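Shown next, in structure tokens, is the structure this report addresses.
In this chain, numbering begins with 1 at the start of the sequence shown. Please read these numbers as outputs of a predicted model, since none were measured by experiment.
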Amino acid sequence: MASLTTKEPQRPQAVVAGDLTDGGRLNGRAGASDFAVGGPDGRGGTAPGANPYDLLSASLAACTAMTIRLQSRRRKLPLTHVEVAVSYRHGVEGARDAFDRTIVLQGALSDDQRSQLMQAANICPVGKTLGLSADINTRAQDALPALSGGALADYDRDSDELSIPNIDPD
């Protein structure tokens, strides 16, 4: 019979909280960063700040940039600047959701070195996690264009479509 071990509760990586009497504003904290969490305020308006889809896209962009930077430094490649743009959109007609990721690499990099760094983007831990339930389409660019390829996910609209049961207290 296998024994079950209980782990001590760990400090959360992120916390979002807010008083409903305070206009419904939500504030987030991750690491040493504090930020407003935006989206529907439950009163027909939209609270300012990054919504959950923005934060999810930012997580993938940050992890990708950090992974490329790490690989560049380990391999002593002449990368001078990295920029990663990410947009999230829902799949059409039952298709998987997708993240569109555009990467700009600057520096005196050979084609082989650029290829190595683009491959490094695919080992980003956040990308591996998100890739379990969504596609991640990656392309290299000389500069960041406006991303297209379907309507971007709209958190306000999606939250309106949430099925919230009407619960009557006794």
Side-chain angles (χ1 to χ4, degrees), residues 9-70 72 79 81-106 118 120-167 169:
Q10 295 181 350
R11 184 183 64 80
Q13 292 175 297
V15 175
V16 174
D19 293 328
L20 295 181
T21 58
D22 210 10
R25 180 181 171 102
L26 296 174
N27 295 299
R29 184 177 64 248
S33 299
D34 292 319
F35 50 90
V37 177
D41 64 5
R43 296 179 178 175
T46 302
N51 70 51
Y53 290 151
D54 296 337
L55 296 169
L56 197 59
S57 295
S59 293
L60 178 57
C63 186
T64 301
M66 292 170 70
T67 301
I68 289 171
R69 179 182 65 188
L70 175 66
S72 174
L79 178 69
H81 181 82
V82 60
E83 194 165 344
V84 180
V86 174
S87 294
Y88 173 69
R89 59 188 163 81
H90 292 300
V92 180
E93 298 178 19
R96 285 169 48 102
D97 290 355
F99 291 89
D100 294 320
R101 177 171 60 182
T102 302
I103 300 171
V104 176
L105 303 173
Q106 294 177 356
M118 291 301 292
N122 294 323
I123 64 171
C124 152
V126 170
K128 286 183 174 185
T129 299
L130 295 176
L132 296 174
S133 61
D135 294 326
I136 300 174
N137 306 310
T138 304
R139 64 177 173 226
Q141 294 289 134
D142 291 334
L144 291 180
L147 297 176
S148 60
L152 296 179
D154 184 320
Y155 187 79
D156 291 346
R157 183 185 62 238
D158 287 353
S159 64
D160 285 342
E161 295 173 3
L162 289 175
S163 174
I164 301 174
N166 184 15
I167 300 173

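Nearest approach of Ala50 to Leu55, heavy atoms of both residues: CB-CD2, 3.8 Å. The minimum heavy-atom distance linking Asn137 with Ala98 is given by the pair ND2-CB, 3.7 Å. Across all their heavy atoms, Arg139 and Met118 have their closest contact at C-CE, 3.8 Å.
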Item to check | Audit row: Leu60, Leu56, side chain to side chain contact (heavy atoms under 4.5 Å, CB included) steps and yes/no | outcome: CA-CA 7 Å; Leu60 178 57; Leu56 197 59; over 6 Å; no
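Below 30°, between 30° and 60°, or above 60°: for His90 and Tyr53 the angle between ring planes is above 60°, a perpendicular geometry.
Rounding to the nearest 0.5 Å places CD1 of Ile103 at 4.0 Å from CD1 of Ile68. In this structure, CD1 on Ile136 lies 11.5 Å from CG on Asp97, to the nearest 0.5 angstrom. Here the CD atom belonging to Gln106 is positioned 7.5 Å from the CD atom belonging to Glu83, to the nearest 0.5 angstrom.
A side chain to side chain donor-acceptor pair (under 3.5 Å) check over residues 122-135, counting only residues at least two apart or in different chains, returns the pairs Arg96-Asp135, Arg101-Asn122.
Between the side chain of Asn27 and the backbone N or O of Ala36 there is no donor-acceptor pair closer than 3.5 Å.
In this structure Pro125 satisfies the side-chain contact (heavy atoms from CB on, under 4.5 Å) test together with Cys63, Thr67, sequence neighbours excluded. Under the rule for a side-chain contact (heavy atoms from CB on, under 4.5 Å), the partners of Ala65 that lie at least two apart in sequence or sit in another chain are Val82, Val84. When the side-chain contact (heavy atoms from CB on, under 4.5 Å) test is applied to Leu26, the partners found at least two apart in sequence or on another chain are Val16, Val37. For Asp41, the side-chain hydrogen bond (donor to acceptor under 3.5 Å, both in side chains) test picks out no residue, with sequence neighbours left out. In terms of the side-chain contact (heavy atoms from CB on, under 4.5 Å) criterion, residue partners of Ala30 (sequence neighbours excluded) are, by chain and number, Ala14, Phe35.
Within the 4.5 Å cutoff, the side chain of Cys124 has no heavy atoms near those of the Met66 side chain.
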